[in-house]
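Comments concern the structure below.
Nothing fancy with the numbering, it's 1 onward along the sequence.
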Amino acid sequence: MSHITGLTLGGITWTPEFVTRINQDDCIGCGRCYKVCPRDVLDLVDKVTDEDDDDDDGGDAQVMTLKNANDCIGCGACNRVCPKKCYSYAPSAAVA
Ligand code: SF4
Ligand code: SF4
């Protein structure tokens, strides 16, 4: 199976690895990945708690989500800045 590949400016082939998952259990909602992403892939949203009520459960926590994974170019910048290493990646099969 062939994967989607790109070319560097010098003409060298490379294989981008695209975001497949953000580990929201480890995410601290710092937003660093959002700031460096050059595409419209990510979004910071309110964390869904087990008890969605008005109790004092520290309820303003946020986590990063994949808003539009299909816009990812596989640059890997998000994981380079993530202090919790939340990101998983994989190459993607080329469309014939
Ligand atoms: S790999 Fe690059 S384009 Fe994809 S989500 Fe991370 S920073 Fe954005
Ligand atoms: S950089 Fe990591 S910890 Fe911070 S918001 Fe992004 S995924 Fe979460």
Side-chain angles (χ1 to χ4, degrees):
M1 179 176 65
S2 63
H3 292 122
I4 292 173
T5 59
L7 289 176
T8 68
L9 183 61
I12 298 171
T13 301
W14 68 288
T15 303
E17 296 199 347
F18 302 95
V19 171
T20 56
R21 179 173 180 267
I22 300 171
N23 183 343
Q24 294 187 334
D25 290 336
D26 288 347
C27 176
I28 57 174
C30 66
R32 293 178 190 177
C33 53
Y34 183 88
K35 289 177 183 170
V36 299
C37 180
R39 307 291 295 186
D40 192 26
V41 179
L42 305 172
D43 198 15
L44 197 58
V45 299
D46 290 340
K47 194 167 194 172
V48 176
T49 59
D50 291 339
E51 298 171 15
D52 189 12
D53 54 33
D54 294 330
D55 291 347
D56 185 15
D57 56 4
D60 60 352
Q62 293 188 302
V63 289
M64 198 56 63
T65 58
L66 289 173
K67 179 177 72 174
N68 182 14
N70 284 340
D71 205 26
C72 179
I73 59 173
C75 67
C78 43
N79 205 45
R80 285 176 181 256
V81 298
C82 178
K84 305 296 285 184
K85 299 303 175 197
C86 295
Y87 282 88
S88 300
Y89 303 87
S92 183
V95 177

Tell me, do [X] and [Y] make a side-chain contact under 4.5 Å, heavy atoms counted?
X	Y	answer
V63	L44	no
N70	F18	no
Y89	C78	yes
M64	Y87	yes
T5	T15	yes
I73	V41	no
T65	L42	no

Just grab all the salt bridge (charged side-chain N to carboxylate O under 4.0 Å, His left out) pairs involving residues 61-78, residues at least two apart or on different chains.
R39-D71, D40-K67
Can you pull out every salt bridge (charged side-chain N to carboxylate O under 4.0 Å, His left out) where at least one residue sits in residues 76-95? Sequence neighbours excluded, please.
none
What heavy-atom pair brings I4 and P16 nearest, and what distance separates the two atoms?
O-CD, 3.3 Å
Please list every donor-acceptor pair under 3.5 Å in which a side-chain atom of residues 25-38 meets a protein atom from a residue at least two apart or in another chain.
residue: D26; atom: OD2; partner: N23; partner atom: ND2; Å: 3.2

Quick one: pull up SG in C72 and CD in E17 and give me the separation to the nearest 0.5 Å.
10.5 Å
